[in-house]
Amino acid sequence: MDYQYREIEQRWQKFWAEKQTYRASNQSTKPKFYVLDMFPYPSGSGLHVGHPLGYIATDIFSRYKRLKGFNVLHPMGYDSFGLPAEQYAIQTGQHPSVTTEANINRYREQLDNLGFSFDWSREVRTSDPAYYRWTQWIFMQLFNSWYNVRADKAEPIERLVAHFASKGSVGVNAVADEEVLSFTAEEWNAFSEEKQQTELLKYRLAYLKESTVNWCPALGTVLANDEVKDGLSERGGHPVVQKKMMQWSMRITAYADRLLEGLDTIDWPEPLKEMQRNWIGKSVGASVKFSVDSLQSSVSTDDSELQTPNYIEVFTTRVDTIFGASFLVLAPEHEWVAQLTTPEQEKEVKAYIEQTQKKSELDRMADTKTVSGAFTGSYAKHPFTGNPVPIWIADYVLAGYGTGAVMGVPSGDQRDWLFAKHFKLPIVQISDAQKDLDQQADPTKEGKYINSDFINGLIYQDAVAALIAKLEEKGQGKAKVNFRLRDAIFGRQRYWGEPVPVYFKNGFPYLIDEKELPLLLPEVDKYLPTESGEPPLGRAKSWKYQDQYEYELSTMPGWAGSSWYWYRYMDAQNDHEFASKTAIDYWQDVDLYIGGSEHATGHLLYSRFWNKFLKDLGYVKVEEPFKKLINQGMIQGRSNFVYRLIDEQGKGTNTFVSFGLKDQYKTVPIHVDVNIVEQDTLDLEKFKTFRPEFANAEFILDNGKYTCGHEVEKMSKSKFNVVNPDDMVERYGADTLRLYEMFLGPLEQSKPWNTNGIEGVFKFLRKFWRLFHDEQMNFAVSDEAPNKAELKSLHKIIKKVEEDVERFSFNTSVSSFMICVNELTDLKCNKRQILEPLCIVLSSYAPHITEELWSLLGHESGSISYAAYPVFHPEFLVEDEFAYPVSINGKMRMNLNLPLSLEVPEIEKAVLENADVQRYLENKTPKKIIVVKGRIVNLVI
RNA sequence: GCCUGGGUGGUGGAACUGGUAGACACGCAGGACUUAAAAUCCUGUUCGCCUUAAAGCGAGUGCGGGUUCGAUUCCCGCCCCAGGUACCA
């Protein structure tokens, strides 16, 4: 029989499903290996050919590890809460669960088509109540926890309450809101419940607080920082504005340091780690107080808590440059600008503030060249010299970072330098190593300090230490670490998400009882906000706790469900816990995680955060959940174009010009469906039916055919460049598609999809199939003993695939398979002792064809999936002769066959005696002869 | 600007620790089989020069330099492409 890929593939897919071949057990004597894919959001458009790239890689790896004797966990599921289903529901009235279900079924069909070895008994869906019940449960743990800095971990809130009740707020070192109260134990115990709850909320890891949020009016919801790109929403590209709202947040900042340090312990791509480092944005420096007399005197208020202090606090990473500070700059939004502005400067300052307010966020970011600012008229006092330092405002200082105020050191910072030049402020040299200060700032840390009072003559480290000590002594500052990372907003004013398991009593949030989980998403009549602007859950009838207390109306953000899902796979059916202790103890962490780099500062950061939290509470074992991570490259689309001739009026005609001739005419390019183009040649008949307007199309051909132009773009329906994996499977089979996607190039690299090369891989599989068959296509395998050449071929591939898979170089394996099959074809090898192990080696890449041949080889009951990977024997690769490349002056001239047993002097002799070598030498004696045994010979004349 | 990758034939790419650059495919050209097509197989294919041919010569891994017997690989300077990021003090 010829290679009937469709029939073979469907039969084995059914076999695997029925026999549950890939079901993993939580108990095994084998070592464990956990291979995870980033689970997909099941979108309405289904999978295109780019989506399975990572899944194919993980599947090859999983299958390989099974052959190597590992107990492999390789699960799949769906991140099924999210915006698109809800937007669709708003438009059609269709319940999101209905569309989601339909999309999932479609995804499943497409995934099954590719022969993945997923353990589907562990499937998870984040929108399933049996799943989100545990997302809600984790939220409750976060609400019930605080971060103890001394222990450097999260602890139950009861421990904090106990501390307050016995010792008051003294001795508490927590990551908390800024404005926490100081109180004694007696005071705490005398607080009303409301006051106690208000105070505790400032410590909880999941907390409700009025904060400035990214509000997206078009989507009617708030967004997390990572969901906003350049002032627009990541989904849909709608404008986002800043707004103050009561919002649920997650105190991820408590974990900033651990999130940063953890990066050094995990095997992730460097760019990804760098992105997380930048996102966390740790700056080590100092905060320094510059006293301002005018501040205190200008304010009079009785409430001591609200009293304006008599200083401006700045954050700097270069406290060593403090003697070069010739001015202070505040953000225009800084809260004391009005109080600092003198009557004479009022007009100027007001005008400047107005001017900056007019600039949009985008303009302000884009325009970094123009120097602007205004003088407030006030002066601060330099903490060491006591000299007056003028206070300015300028929009290059951001209100949201640090303290919203900086000290201007023009000799050390380029922005300060430009500012000083522009406004003619003094530029003071502070180090003997600084150069060309009339040209630019010189931020060097080398050299010794000058013009710097008591640090004169010191080097950088000593100066910083001396300054910090002095600042602390004077109470004018301290060493400080600043983070860019902000707490993550956790509520979304949307319907299709996990309800927050919280109700309100007297305006204070309380958790529902754990026994009442899951808190089910209620039915609503419409998926829109209420008339009064409440989130959609406000429409639900009798949506009240114990029929009297209002539930929280926001739902959780998309990242909630994906921040712990890898644990659910370990024990997906558990009704009592999110996963049992035994399961977590066994599987521990993810050994290999593959997915896109777009999740760098979202999912991958939140997941690490929740994981660390769960570890603090003792629920999980490891500090980092994903040991090794690989970003697969994006598969871009490759669009094809036809060129429509346009007439004098510039109107499109009915004639289309082939690519090679288009420059001779006036034409416009039009996207054409890549599925009616082969090797860039257009199928003219199919084109006429592509769109009704093309029915009578005429063509100007080039060499009798119509050649299309092409361009690399994002794969999308509107560009007609979407290639569906189902079509590929139909035409070439899943094994071919799997091999081809790997053959395309290195996994991490982004590349355009191009179907052109797939034939080569298809041919390879058929050639492989023919090794097992005679001329009449009857299965024919001999039991003859293999010869040396055959064994060499086999053992080369055994070794190569082992090495390639371990370093995720899947593309080179495919080439090597081709070489191996080409060699065996030339040797006319049909020997069982060669072909049987070869089948095993290839089975992780092409599971269907190898499974079929495996059964034809007589393994009728068992699947090849659990065969043992063949053992590599180096002796079969040993050669006794080697074709030495002989170079003259580094240029390769010839090959010389010599026995490998020869030692260096013998090789030298043999080479020099060779007639061809002599011809090149032209009777000269070489100055030098380099011989590397088994490698090369180089003669220098 | 900064950070991280990367730049190799007509195309995708290979060359893992410095040792025969272009493996393996696609495409293209030519040929075999066939009434024909498909399928399959064979030969050639980095560029340039020379030659009837065999062979030979020269150049060549973004550009310019360096180290080395020998550099796609290491070092210095520059250019370009992709991704990330930003008045972060």
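So that the names make sense, note that chain A is the first sequence line, chain B the second, and so on, each numbered from 1.
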**Message:** So which atom in A:K273 and which in A:I266 form the shortest heavy-atom distance, rounded to 0.1 Å?
**Reply:**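 Minimum heavy-atom contact is NZ-O, 2.8 Å.
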**Study point:** A:N830 and A:F772: CA distance, side-chain angles, deciding distance, side-chain contact (heavy atoms from CB on, under 4.5 Å) verdict
**Key:** CA-CA 6 Å; A:N830 69 338; A:F772 297 75; over 6 Å; no
(Q) Which residue in the set A:V940, A:L939, A:I907, A:N938 passes side chain to side chain contact (heavy atoms under 4.5 Å, CB included) when paired with A:I929? (A)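 The option that passes is A:L939.
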Name the nucleic acid region contacted by [X], choosing base, sugar-phosphate or nothing; use a 4.0 angstrom heavy-atom cut-off, strictly under.
X: A:K273; result: nothing
X: A:R770; result: sugar-phosphate
X: A:K800; result: base
X: A:S887; result: nothing
X: A:D416; result: nothing
X: A:L744; result: sugar-phosphate
X: A:N754; result: nothing
X: A:F817; result: nothing
X: A:M892; result: base
X: A:P269; result: nothing

So, is [X] near the phosphate of [N], with a side-chain N or O under 4.0 Å from OP1 or OP2?
X: A:Q749; N: B:rG13; answer: yes
X: A:R893; N: B:rC57; answer: yes
X: A:Y401; N: B:rA89; answer: yes
X: A:R638; N: B:rG12; answer: no

Should [X] and [Y] count as an ion pair when the cut-off is N to O under 4.0 Å?
X: A:D257; Y: A:K282; result: yes
X: A:E274; Y: A:R277; result: yes
X: A:E823; Y: A:K792; result: no

- Task: Measure from NZ or CZ of A:R415 to the centre of the six-membered ring of A:F419, then state whether that distance is under 6.0 Å and the direction lies within 45° of the axis.
- Result: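 No, a cation-pi geometry is absent between A:R415 and A:F419.
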Rounded to whole Å, please give me the gap between [atom1] in [X] and [atom2] in [N].
X: A:Y884; N: B:rC69; atom1: OH; atom2: C1'; value: 17 Å
X: A:K751; N: B:rG5; atom1: NZ; atom2: P; value: 18 Å
X: A:F419; N: B:rA89; atom1: CZ; atom2: P; value: 18 Å
X: A:H599; N: B:rG84; atom1: NE2; atom2: P; value: 14 Å
X: A:I758; N: B:rU11; atom1: CD1; atom2: P; value: 22 Å
X: A:R277; N: B:rA86; atom1: CZ; atom2: P; value: 17 Å
X: A:M407; N: B:rC88; atom1: CE; atom2: P; value: 15 Å
X: A:D826; N: B:rC41; atom1: CG; atom2: P; value: 11 Å

Worksheet item: Is there a ring-ring contact (aromatic ring centres under 6.0 Å, His included) between A:F61 and A:F810 once you walk through the steps?
Response: CA-CA 9 Å; A:F61 205 83; A:F810 302 106; 7.0 Å; no
* Asked: Is the glycosidic torsion of B:rG5 within 90° of 0, making it syn, or is it anti?
  ->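 Classified anti.
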In Å and rounded to the nearest 0.5 Å, what is the CD1 to CD distance from A:I427 to A:Q440?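 The CD1 atom of A:I427 sits 11.5 Å away from the CD atom of A:Q440.
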For RNA chain B, the expected dot-bracket line (Watson-Crick or G-U under 3.5 Å, [ ] crossing, | inter-strand) is (((((((..(((......[....)))((((((.......))))))((((......))))..(((((..]....))))))))))))....
B:rC69 base / A:N938 side chain donor-acceptor hit below 3.5 Å:
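Such a pair exists between side chain and base.
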